[in-house]
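Some notes on the structure that comes next.
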Amino acid sequence: MNQAELIERINSGDRSVFSDIVEQSQKLVYNTALNIVQIEADAEDITQEVFIEVFENLDGFRGESQLKTWIYRITVNKSLDFEKKKRRQKHGGLLKQIFNLRQEDEPVNFNHPGVLLDNKENAAVLFKALKKLPPNQRVAFTLHKIEGLSYQEISAIMEMSLVAVESLMVRSKAGLKKILEQFYQSQA
Amino acid sequence: MNKNELEEMVEKTLNSMEGALRASPAPFLLTRINARMNTEQLSGWERISSFLSRPGIAIAAIAFLIIINLLIYTNTNSFNNLNNMQNMQASTDDYSINNPSAIFDLENIQP
């Protein structure tokens, strides 16, 4: 289904277009959410929330951006909000966060279900390191390296300039290298 | 582990997601989304109660009630004090305790 056809169906009030969107985009949404939150049950929840938001705002979609970009943007925002909310619940509320009374948790091991067997161990280390990056860097790295999106697409999703995305990628790679080096040195 | 080995290990880890397959969500996603949308259509009262049960709103409401109660309590007390004073004044008037003419009468009793 191309963009023009999709907008035509939305404009004609065809609500069945929603089931086609879910069918086409479910893996995109689920994988993006899973790469960010790293918990399968949470990624399932986020996937449902994303499609509910898509359904509620479908009438307002006029095709200024690509449908894929729009869905990616909702997914990234929902995933980051979900993480923030969960962290707040876990650490006993906003006051503790404001006064920085919490201690950083060590991220748990996450085994991505799609990773090749040979890479399982390294991928788990990578995901653990990713959790220690600031959210923007993590999202940029995930979308580029794992989802395989171009910088141009990432800049549209994150509503940033191309230069800002490039800078985020450089910083995320440098940050990851540092974290991984420390990790492997401590293991040696 | 020497520097080269370390760099190689880091590079291998950074590229470990290459060739990874996409994960799939659990089956019947559309059915579950539809079910969730149906349950999320709350009635007016449910919306109000869920709004009031938010911790921030609930704490603010309790604080507001306590302040209102304190204000009413302090105002009632000062009103009672004023009432008491008025009652005392009425009593002194009734028994003419502060009336100078009454004292004069007492001191000049006619035979």
Side-chain angles (χ1 to χ4, degrees), chain A residues 18-23 26-35 40-41 43-52 54-56 93-94 112-116 118-130 141-142 145-148 172-173 176-181 183-185 187-188, chain B residues 1-70:
Chain A
F18 177 65
S19 57
D20 290 343
I21 292 172
V22 173
E23 194 58 45
Q26 54 178 293
K27 280 193 177 178
L28 172 159
V29 173
Y30 179 68
N31 278 274
T32 308
L34 185 61
N35 293 333
E40 287 175 54
E44 286 271 354
D45 260 1
I46 294 163
T47 306
Q48 290 180 23
E49 280 178 24
V50 168
F51 283 117
I52 290 170
V54 167
F55 180 80
E56 284 168 352
L94 197 60
H112 191 286
V115 178
L116 301 172
D118 288 350
N119 291 336
K120 280 241 183 254
E121 207 176 314
N122 285 337
V125 174
L126 176 67
F127 276 110
K128 207 171 181 176
L130 270 172
F141 185 89
T142 307
K145 279 280 188 184
I146 305 176
E147 283 294 304
S172 67
K173 280 180 191 166
L176 279 174
K177 273 187 181 169
K178 200 175 163 190
I179 296 166
L180 291 172
E181 276 172 7
F183 173 78
Y184 286 120
Q185 273 169 346
Q187 297 285 304
Chain B
M1 190 181 281
N2 64 38
K3 204 182 172 194
N4 281 347
E5 280 176 338
L6 184 69
E7 274 177 12
E8 198 183 315
M9 203 65 189
V10 168
E11 210 52 44
K12 207 175 162 190
T13 306
L14 284 175
N15 298 322
S16 60
M17 284 304 288
E18 274 177 11
L21 300 171
R22 290 197 132 190
S24 300
F28 310 113
L29 178 66
L30 186 63
T31 313
R32 280 180 289 127
I33 292 167
N34 285 332
R36 190 160 166 177
M37 283 200 284
N38 289 336
T39 51
E40 280 185 2
Q41 284 169 351
L42 300 173
S43 70
W45 285 111
E46 281 170 327
R47 275 173 205 272
I48 292 168
S49 64
S50 70
F51 175 74
L52 288 176
S53 63
R54 287 181 190 171
I57 303 292
I59 291 167
I62 290 168
F64 177 75
L65 284 176
I66 290 170
I67 290 166
I68 290 289
N69 273 302
L70 282 173

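Because only heavy atoms are used, hydrogens play no part in the values below, and waters and symmetry mates are left out as well, while side chains stay in. Convention: sequence-line order gives letters A, B, ...; per-chain numbering from 1.
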Check each atom of [X] against the heavy atoms of chain B and say whether the ones under 4.5 Å are side chain, backbone, both or neither.
X: A:E44; value: side chain
X: A:F183; value: neither
X: A:I179; value: neither
X: A:L34; value: side chain

How many angstroms lie between atom [atom1] of [X] and atom [atom2] of [Y], to the nearest 0.5 angstrom?
X: A:Q185; Y: B:K3; atom1: CD; atom2: NZ; result: 10.5 Å
X: A:K27; Y: B:L21; atom1: NZ; atom2: CG; result: 8.5 Å
X: B:S24; Y: A:Q26; atom1: OG; atom2: CD; result: 7.0 Å
X: B:K12; Y: A:Y184; atom1: NZ; atom2: OH; result: 8.5 Å

Option in B:N34, B:L30, B:N15 with maximal non-hydrogen atom pairs under 4.5 Å from chain A: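 Going by pairs under 4.5 Å, I would pick B:L30.
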B:L6 versus chain A, heavy atoms under 4.5 Å apart: side chain, backbone, both or neither?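 Contact with chain A: side chain only.
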Bottom line for B:E5: the part with an atom under 4.5 Å from chain A's heavy atoms is neither
Evaluate side chain to side chain contact (heavy atoms under 4.5 Å, CB included) for B:M9 paired with A:L180, printing each intermediate quantity in order. CA-CA 9 Å; B:M9 203 65 189; A:L180 291 172; over 6 Å; no
Greatest number of heavy atom pairs closer than 4.5 Å to chain B - which of [options]:
options: A:S19, A:G148, A:G114, A:A123; value: A:G114
options: A:V22, A:V125, A:T47, A:I146; value: A:V22
options: A:L116, A:V115, A:I52; value: A:I52

Counting neighbours of CD on B:E7 that are heavy atoms of other residues, nucleotides or ligands and sit closer than 6.0 Å, is the number greater than 12?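 Yes - once you tally the heavy atoms of other residues, nucleotides and ligands closer than 6.0 Å, there are more than 12.
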Greater than 12 external heavy atoms within 6.0 Å of A:K120's NZ: yes
So B:R22 and A:H112, do their side chains get closer than 4.5 Å, heavy atoms only?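 Heavy-atom side-chain distance check fails, nothing below 4.5 Å.
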Are any of the side-chain nitrogens in A:E49 or B:R36 under 4.0 Å away from the carboxylate oxygens of its partner?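 The answer is yes: the pair qualifies as a salt bridge.
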Pick out which of A:T142, A:L126, A:N119 makes a side chain to side chain contact (heavy atoms under 4.5 Å, CB included) with B:M17.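 Exactly one option meets the side chain to side chain contact (heavy atoms under 4.5 Å, CB included) with B:M17, and it is A:L126.
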